[in-house]
Amino acid sequence: MMKAALVLLSLVLCMLGGFAGQGQPEADRTTLRRSVEPSPAAPPAPRFEYVDVYVDCGDKPLAAWQVELKAAAGKASIVGVEGGDGVYSQAPYYDEQALQHERVIVGGLSTLAPEQLPSGRVRVARVHVMIEAEAEFGVTVMAAGLADGTRFDASGSIERGQAPGANK
Amino acid sequence: MSEHDSNLEPPVALRESLVRGYTPPTAPSAIDAAVLAAARRDFDRSRRRRRIWLTAGPLAAAAGLALAVFVMWPTTPPPGGPRAGLLAAGSNDLNADGAIDMLDALTLARQVASGRGVDLNGDGVADSRDVDALARRAVRLDGGAS
Amino acid sequence: MSDRSDTELLFRAGRGDAAAFEALYMRHRDFVHRVAWRFCRDESETLDVLQDVFSGLLRQASRIRLTGRLTTYLYPAIRNAVATRRRKDRPLKFGEVPERLEVADRIPENLAPELHAALESLSESHREALLLRAVDGLSMDEIGAALGIPSGTVKSRLHHAIQTLRGQPALQRLWEP
């Protein structure tokens with residue numbers, strides 16, 4: 001009984017420490033006025049970009065896809081995920097645990113007839129990222145499939161952009 | 001039916017009439033001041049709370065860790081013990097290719113569309129919610145291990 | 001701040017950046033005010049709803065996962081805020097089961113009578129799609145996200161609304177070049 005109480009107490013103390021660790025950097029904890037005009041001593045503000053994710057499926061109609069997007073840890077973090085173009089313009093599936101981390105798996109599918117599905121280089125998603133230090137992104141196509149569920153090889157690519165007004 | 005189909009685009013004159021009619025009276029500037037002042041108060045309160053946590057947190061964490069090591073060390077179970085809560089990896093691998101990914105979700109979506117399918121979420125029906133559940137599992141960062 | 005995306009501003013606001021919240025407020029205040037005014041009985045209620053919506057946004061900023069423009073989150077939030085106020089205005093009697101409160105829009109009296117009558121002849125869902133497109137300038141996908149319906153359904157509703165209005169002889173002038 002005593003031991004259980006001690007375990008519980010240590011867990012509570014660890015959690016308190018964990019919460020404290022989530023405190024944000026000093027640069028973000030500014031008042032309204034100060035954040036409009038940051039002090040010269042403040043660390044450089046993070047930059048926000050988007051990464052457009054493409055799946056190149058050649059002449060095959062893309063009915064399902066899944067890609068992994070990764071950046072070097074500590075340099076960039078994911079802050080939002082949007083859809084791509086056409087059939088895949090709706091928000092794709094992704095794990096919300098990826099938000100504020102450097103890696104995300106994104107996927108989508110469509111049950112439309114093959115002739116209505118896109119082929120070629122398809123923009124499947126736009127991932128918004130916060131860049132804290134110069135970061136390279138890597139994309140891997142984990143799965144691409146035809147309407148009948150047949151898997152095929154496809155390549156992935158990205159295009160980075162800085163259009164802050166894009167989704168105003 | 002494309003987005004720029006003329007049947008979907010209200011003509012300019014209609015648009016202008018609607019915008020004129022549906023524009024409310026100008027809001028008093030006091031409303032901006034009220035909303036923004038409330039926001040600033042809220043941010044200030046959060047900042048004060050965080051400052052307390054930042055001071056007390058590391059001490060609490062260190063004490064907690066020390067206590068945890070002291071209490072847990074002699075009775076830590078040996079590695080390789082049972083790991084409860086893991087789902088059978090094959091249970092959602094509908095196309096039996098050894099992986100759970102969007103192709104399984106597509107397989108299920110097609111089955112559901114044709115009135116068949118597997119009730120994965122246990123709500124008694126096989127529908128788009130099961131497809132969503134499987135797709136969400138496929139994109140999990142931990143590989144859908146729990 | 002004014003050139004930042006909604007996603008970025010929301011992320012910053014969620015981390016305690018008051019300037020980011022202020023930028024979001026200034027960007028979307030008119031939209032929230034205009035939409036709330038459609039559903040509220042008077043200006044006083046409209047302004048209450050406007051405050052409710054932004055105070056809700058402030059509370060939830062760190063939890064909202066934005067997948068499009070903020071307007072797609074704000075539209076249902078406004079309707080919910082109006083419904084919540086109405087519910088508070090009408091306390092439940094003992095033993096009464098709360099019903100799902102539908103929030104009806106109102107057609108402004110200052111519209112030309114023939115346009116007013118034509119809008120009245122539309123169902124609320126058709127009118128809603130038309131207004132989100134014509135007055136608020138949302139895209140099909142954004143309307144779909146705001147209403148929680150596929151964009152194909154949005155197109156169908158919009159098509160129906162425009163065709164109905166176009167069929168009214170009194171409104172023909174609106175289609176003349």
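So that the names make sense, note that chain A is the first sequence line, chain B the second, and so on, each numbered from 1.
A donor-acceptor pair shorter than 3.5 Å cannot be found between the side chains of C/H116 and C/N110. Side chains of C/R127 and C/S123: a donor-acceptor N/O pair is absent below 3.5 angstrom, by distance only.
For C/R106, the part sitting under 4.5 Å from any heavy atom of chain B is the backbone (N, CA, C, O) and nothing else. Contact of C/L115 with chain B is made through the side chain alone, with heavy-atom distances under 4.5 Å. If you measure heavy-atom distances from B/F43 to chain C, the contacts under 4.5 Å come from the side chain alone. For C/R38, the part lying under 4.5 angstrom from a heavy atom of chain B is the side chain only. Of the two parts of C/E43, only the side chain, counted from C-beta on, holds a non-hydrogen atom closer than 4.5 Å to a non-hydrogen atom of chain B.
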Steps toward side chain to side chain contact (heavy atoms under 4.5 Å, CB included) verdict (B/L134, B/V131): CA-CA 5 Å; B/L134 183 50; B/V131 178; 5.9 Å; no
May I have the step-by-step check of side chain to side chain contact (heavy atoms under 4.5 Å, CB included) for B/D130 and B/L108, ending in yes or no? CA-CA 8 Å; B/D130 297 291; B/L108 181 58; 4.0 Å; yes
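Looking at B/D42 and B/R45, a side-chain N of the basic residue comes within less than 4.0 Å of a carboxylate O on the acidic one, giving a salt bridge. Of the charged side-chain nitrogens involved, none lies within less than 4.0 Å of a carboxylate oxygen, so that C/D17 and C/R15 do not count as a salt-bridged pair.
The candidate from B/G21, B/A27, B/S17, B/A13 with the greatest count of non-hydrogen atom pairs under 4.5 Å with chain C is B/G21. When each of C/D30, C/V154, C/L111, C/T46 is scored by its heavy-atom pairs under 4.5 Å with chain B, the top score falls to C/L111. Among the candidates C/R34, C/H33, C/Q51, the residue making the largest number of heavy-atom pairs closer than 4.5 Å to chain B is C/H33. Per-residue counts of heavy-atom pairs under 4.5 Å with chain B were compared for C/L50, C/L131, C/L158; the largest is that of C/L131.
Ring orientation note: the planes of C/Y75 and C/F39 are nearly perpendicular, at an angle over 60° on the 30°/60° scale.
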